[in-house]
Amino acid sequence: MSLRHIITLPDPRLRLICEPVAKVDAAIRDLMDDMLETMYEAPGIGLAAIQIAVPKRIIVLDTSPKEGPPAPMVFANPEIVWVSPEKRIYEEGCLSIPDYYEEVERPERIRIKFLDREGSEKELEADGLLATCLQHEVDHLNGVLFIDHLSRLKRSRVIKKFEKAAKMEADGIDSDRPFA
Ligand code: GNR
Ligand code: NI
């Protein structure tokens with residue numbers, strides 16, 4: 001197992017359409033383990049492979065309460081096959097858009113089809129936080145970020161902020177010490 005680097009906005013790889021997994025083999029299971037380790041360390045409640053710069057359709061998550069035992073979940077080639085007409089609003093964040101949080105409206109319940117850690121085809125109905133997080137992660141596989149669900153004004157503000165920070169970094173300016 002190893003910790004991987006999480007890429008952030010404005011990295012263009014976050015906009016890639018990720019490739020399906022042909023077979024859940026030992027290498028894919030190793031990748032899933034690295035993703036879980038990286039997610040727990042961050043810490044986050046979900047992670048898509050593209051966030052560690054691997055453009056494959058793999059996601060991991062753990063939406064269990066912090067007090068209880070961990071409940072890691074892994075999904076290869078997840079496909080949303082049904083969404084409820086009822087919606088829910090939840091304040092989302094993203095490890096690839098650090099320190100930015102905004103409310104997003106999404107379907108309250110979903111059904112997804114996926115391959116599990118053994119490569120068996122499974123279906124799962126999810127609601128609440130799990131449904132929200134699954135939709136956030138499946139979006140990543142299609143190059144979609146939670147800010148794409150916000151108004152153009154909010155989205156362009158966030159993107160500009162991260163573009164500016166990346167440029168300052170490239171120019172060797174430390175934004176934590178603006179007058180140094
Ligand atoms: O850690 C995360 N928290 C979170 C909160 C609300 C909705 C979605 C998420 S997922 C996020 C981790 C992440 O960026 N996954 O892609
Ligand atoms: Ni995210």
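Here the structure is a predicted model, which means the values were calculated and not measured. Just so you know, ligand 1 is whichever comes first in the structure, and atom 1 is the first atom listed for that ligand.
Inclusion of G93 in the set of residues having an N or O under 3.5 Å from an N or O of ligand 1 is not warranted. Residue-to-ligand polar distances keep C133 apart from ligand 1: every N/O pair is separated by 3.5 Å or more. Taking any N or O of G44, backbone or side chain, none lies under 3.5 Å from an N or O belonging to ligand 1. Ligand 1 has a nitrogen or oxygen under 3.5 angstrom from a nitrogen or oxygen of H140.
Short contacts between ligand 1 and Y90, defined as distances under 4.0 Å to a heavy atom of the residue, involve ligand atoms 6 (C). Using a 4.0 Å cut-off to heavy atoms of C94, the atoms of ligand 1 that qualify are 14 (O). Every atom of ligand 1 is numbered from 1 in the order shown, and the set under 4.0 Å from a heavy atom of E91 is 6 (C).
When heavy-atom distances to ligand 1 are checked against a 4.0 Å cut-off, F146 has no atom that comes that close, whether in backbone or side chain. In Q51, the part holding a heavy atom less than 4.0 Å from any atom of ligand 1 is the side chain. Here E92 has heavy atoms under 4.0 Å from ligand 1 in both its backbone and its side chain.
Shortest contact from atom 8 (C) of ligand 1 to any protein heavy atom: H136 ND1, 3.5 Å. Looking from atom 13 (C) of ligand 1 to the surrounding protein, the closest heavy atom is G46 O, 3.5 Å. Counting protein heavy atoms only, atom 14 (O) of ligand 1 is closest to L95 N, 2.8 Å. Protein heavy atom nearest atom 2 (C) of ligand 1, with residue, atom name and distance: I45 CG1, 3.6 Å. For atom 15 (N) of ligand 1, the nearest non-hydrogen atom of the protein is E137 OE2, 2.7 Å.
A salt bridge is absent between D34 and R29: the closest approach of a Lys/Arg side-chain nitrogen to an acidic carboxylate oxygen does not fall below 4.0 angstrom. With salt bridges taken as basic N to acidic carboxylate O contacts below 4.0 Å, none links E105 and R88.
Taken together through direct or relayed side-chain contacts under 4.5 Å among Ile, Leu, Val, Met, Phe, Trp and Tyr, I52 and L61 form parts of separate hydrophobic clusters.
A donor-acceptor contact shorter than 3.5 Å links the side chain of D62 to the backbone of A71. Checked by atom type and distance alone, the side chain of T38 pairs as donor or acceptor with a backbone atom of R4 at under 3.5 Å. A donor-acceptor pair under 3.5 Å is formed between the side chain of S84 and the backbone N or O of R109.
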* Between R111 and I80, is a side chain to side chain contact (heavy atoms under 4.5 Å, CB included) present by the stated rule, with each step listed? -> CA-CA 6 Å; R111 270 194 87 76; I80 296 172; over 6 Å; no

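Residues V104 and T132 are not in side-chain contact: their nearest non-hydrogen atoms beyond the backbone lie 4.5 Å or more apart. Residues I28 and K56 meet the side-chain proximity criterion, which asks for heavy atoms closer than 4.5 Å. Two residues are said to be in side-chain contact when any heavy atoms from C-beta on lie closer than 4.5 Å; L9 and V158 meet this criterion.
The distance from the CG atom of D171 to the NZ atom of K167 is 4.0 Å, given to the nearest 0.5 Å.
Between the NE2 atom of H140 and the NE2 atom of H136, the angle centred on the Ni ion (ligand 2) amounts to 100° when rounded to 10°.
In this structure, M39 falls outside the shell of residues with a heavy atom less than 4.0 angstrom from ligand 1.
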